[in-house]
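Comments concern the structure below.
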Amino acid sequence: MTEQDSIGVDRRHVLGLGAAAGATAVLGVVATGEAAQAGGRGGQPPLCPPTGLKGRALLPGQAGYAEEIAGFNLVQIPNPGLVIAAENTRDVQIAVRLAARRRAPIAVLATGHQPSVPIGRDAILVSTKGMRDVTIDDRRRTARAEAGARWTHVLDKSLPEGLTGINGSTPDVGVVGYTLGGGLSPTLGRRYGYAADHVRSIDLVTADGRLRTVTGWNDPELFFGVRGGKSNFGLVTAVEFDLFPVSTFYGGAIIFDGKDAARLLHAYRRWVRTVPEAMSSSVALMHIPDAPTSPPPLRGKAIVSLRICWTGRRDTGEALVRPLRGIATPLLDTVTEQPYAAFPAIHSDPAGPVPAYERTGLLRDLTGDAVEALVAVAGPDAPYPITMVEVRHLGGALARQPRHPNAVAHRDAGFTLFAAGGAGPEDAPALREALARVVRRMQPWSTGGSYLNFMSVDEASTRAVSHAYPEHVYRRLRKLKRRVDPHNLFRLNHNIPPA
C-alpha cells in the first residue's frame, strides 16, 4: 500500500463523499419523473422496437432498460422512449433510420460523463456499451476503438507494447466522446496536442442512415467538424488514432495545506512560463468534507493539489519540480518516476456514479490579480466550500493546429478553469450558484470561450455552445450541419443547429 493509498486523499474520494448522500435523492426524483411520464408522448404513438437488431431494443420498464441508460453523472438521467443497446454498426444504422422516419431526436450514450439537455420519452437513445472492441497496430502505432470502448480497454492493450494514446485524467472515460470533444490530456496534451489532432479516420452513421468512413482526404469538411463537434454530425461507431511511445512518466500530486494556496499559485504562474512542452500540470483548490469517512489528517480542511506529469528524463523532471516543492511543507508528495499505467493517481477522478455539477471557462493568463481573485472565491476562506476548482496549463502542442485542421478551438488560451462539486437536489441550488460565482469572478481574465468537453448541463444552451468556437468556426459548423443533418436529428447534446 502506498502512502497515498493509506491517506486516501484525492479527487475521487472528495467528490464521492460530496455526492454520495445526494445520489439516492437524485435517483428518487428520476423514478418519480419516469412514473409521471409513463403516459407517453402527448398523444403521439409510442416508439416501437425495430427488427433486425443483433442487440436489444428496450422500452421503459423492461429488464435491462435501467442498466443501459445508467451513466456516470446523475444530475441528468436519460428517460428515452426507446433504447437501442447496439452490438454493431448495423444496429446503429437501424436506430438512426428509425429516428429519421419518425423525426424523433436521437442521442448516444457510452459512459454518461457529460450530460447536456434532457432526453425524454420522444427520443431514441443508442447505448454503445456493447461495442468495446479495440485493435492495436504496434507497427503503425495506431489503435482502432469502437464507440463503447473506454480508455482502459485501449491502455490494457497498448501499454504492453510501450504505447499509449492521448488519454484523459481517468481510464473510465469513453474514447470516442472524449476524442470528438477535443481530448485535452492532462498528461500528454502539451507535448502532443489534443486527441482529436491525431485521429486518422472516423466511422460514423449520418442522418441518412449511411455508414461513412471519413478522413481528411475523402471529406475534409466533415472530418474537420466531427473532430471538435462531438455527436452533432452523426453517431460515431469507431475511431482510428495515433499512439505514442510513452511507457513511464515522472509525476504525481503534491498536496499542501489550503493556507498555502496563494503562495503556490503565485509560484506556479511564474513557473509555467519556463517549462518545456513535455511538462503538463495543473493546480486544484479542494475542500475535504468534515465527515467520518474523510482521512483524519485532512478532515474538514481546505487543501491545494499540484498535479505533475513530465515525460522526459527523470533528473530533468526533478530539477523542474524542485522550486514548487520548496514553497511550503507538503502534506503529501507522490511525485516520482512511475509506469505510465499509474497516471490515474495524478488526478484520481471519482469512480462514480455521482451527481456532479460543473462549470468551466478559458483564461488568457494567470496573472497575480487572477490568483488573488481565484483564492478569494475558491480558497480556504471562500464563502461556499466548492469541492474542487482547477486551473490547467495549456499551450505547447495544444496551441497548434494539426496537419488536418479540426474544430477544436480557442488554442490561444493559457489555462482552463474547471469547477466541480457533488450535491443532491436540496443542496444543488447553492452549489450551482457558487460555481457560477467562480466563473463570474474570473471573467476579467477569460478569453470568452469554453472547452466543449468540460461544458455541463448549465452550459448546454445554443448560445453557450457557440462560445466553444470562434464566430467563423461556428458558422462553418452550422453550414456543415445543414449539409449532413438538416433536420437536426442529432440535437440531444451540446447542440450546433443547422444554418
Side-chain angles (χ1 to χ4, degrees), residues 1-5 10-12 132-146 149-176 178-179 182-200 239-254 275-282 306-322 325 333-349 392-398 400 402:
M1 179 179 290
T2 66
E3 185 178 3
Q4 186 177 20
D5 288 333
D10 51 36
R11 183 181 170 201
R12 180 191 306 263
R132 299 188 299 270
D133 283 352
V134 171
T135 304
I136 303 296
D137 186 332
D138 60 330
R139 183 184 61 82
R140 296 173 60 233
R141 291 183 178 176
T142 62
R144 183 181 185 276
E146 287 191 326
R150 302 180 184 224
W151 274 107
T152 188
H153 301 133
V154 174
L155 297 170
D156 285 349
K157 292 187 175 182
S158 70
L159 288 177
E161 306 296 333
L163 300 170
T164 183
I166 302 180
N167 55 268
S169 55
T170 169
D172 294 332
V173 167
V175 174
V176 168
Y178 163 86
T179 301
L184 172 55
S185 175
T187 55
L188 301 175
R190 279 179 38 82
R191 181 171 183 178
Y192 294 114
Y194 288 95
D197 297 346
H198 298 281
V199 172
R200 294 199 178 191
V239 293
E240 183 185 32
F241 53 93
D242 294 322
L243 299 174
F244 297 89
V246 177
S247 57
T248 64
F249 71 99
Y250 179 79
I254 306 177
V275 297
E277 293 185 359
M279 176 67 77
S280 292
S281 64
S282 66
L306 169 67
R307 288 88 168 268
I308 295 291
C309 183
W310 164 255
T311 55
R313 289 168 51 97
R314 172 178 180 152
D315 56 350
T316 305
E318 287 178 337
L320 286 168
V321 174
R322 191 175 297 122
R325 269 197 168 112
D333 186 341
T334 67
V335 173
T336 188
E337 188 170 31
Q338 307 183 58
Y340 192 76
F343 80 87
I346 301 175
H347 287 244
S348 294
D349 283 6
R392 184 180 300 182
H393 186 210
L394 301 177
L398 295 166
R400 299 189 289 269

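Heavy atoms only: backbone and side chains are in, while hydrogens, waters and symmetry mates are out. We count residues from 1, following the sequence as given.
Counting only distance, with no hydrogens or angles, the side chain of Arg190 and the backbone of Leu394 share a donor-acceptor pair below 3.5 Å. Using a distance-only test at 3.5 Å, with no hydrogens or angles considered, a donor-acceptor pair links the side chain of Ser185 to the main chain of Asn167. Formation of a donor-acceptor pair under 3.5 Å by the Ser158 side chain with backbone atoms of Leu163 is found in this model. Judged by distance alone, with hydrogens and angles left aside, the side-chain atoms of Thr334 form a donor-acceptor pair with the main-chain N or O of Ala253 at under 3.5 Å. Side chain of Ser348 to main chain of Ala345: a donor-acceptor pair is present (N/O by atom type, distance under 3.5 Å, no hydrogens or angles).
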Does Leu159 form a side-chain contact (heavy atoms from CB on, under 4.5 Å) with Thr164? I'd like the steps, not just the answer. CA-CA 6 Å; Leu159 288 177; Thr164 183; 4.1 Å; yes
Go through the steps for Trp310 and Val321 under the test side-chain contact (heavy atoms from CB on, under 4.5 Å), then give the verdict. CA-CA 9 Å; Trp310 164 255; Val321 174; over 6 Å; no
side-chain contact (heavy atoms from CB on, under 4.5 Å), that's the test. Do Asp349 and Val173 meet it? Break it down for me. CA-CA 10 Å; Asp349 283 6; Val173 167; 5.9 Å; no
Evaluation steps, side-chain contact (heavy atoms from CB on, under 4.5 Å), between Gln338 and Phe249: CA-CA 6 Å; Gln338 307 183 58; Phe249 71 99; 3.8 Å; yes
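Note that CD1 of Ile166 and CG of Asp242 are 8.0 Å apart. Values are rounded to the nearest 0.5 Å. Here CD of Glu277 is found 10.5 Å from OG1 of Thr311. Values are rounded to the nearest 0.5 Å.
Side-chain contact check for Phe244 versus Arg191: every heavy-atom pair is 4.5 Å or farther apart.
Aromatic pair Trp151/Tyr340: ring centres not closer than 6.0 Å.
Ion pairing between a basic and an acidic side chain is recognised when a charged N comes within 4.0 Å of a carboxylate O; Glu318 and Arg314 show such pairing.
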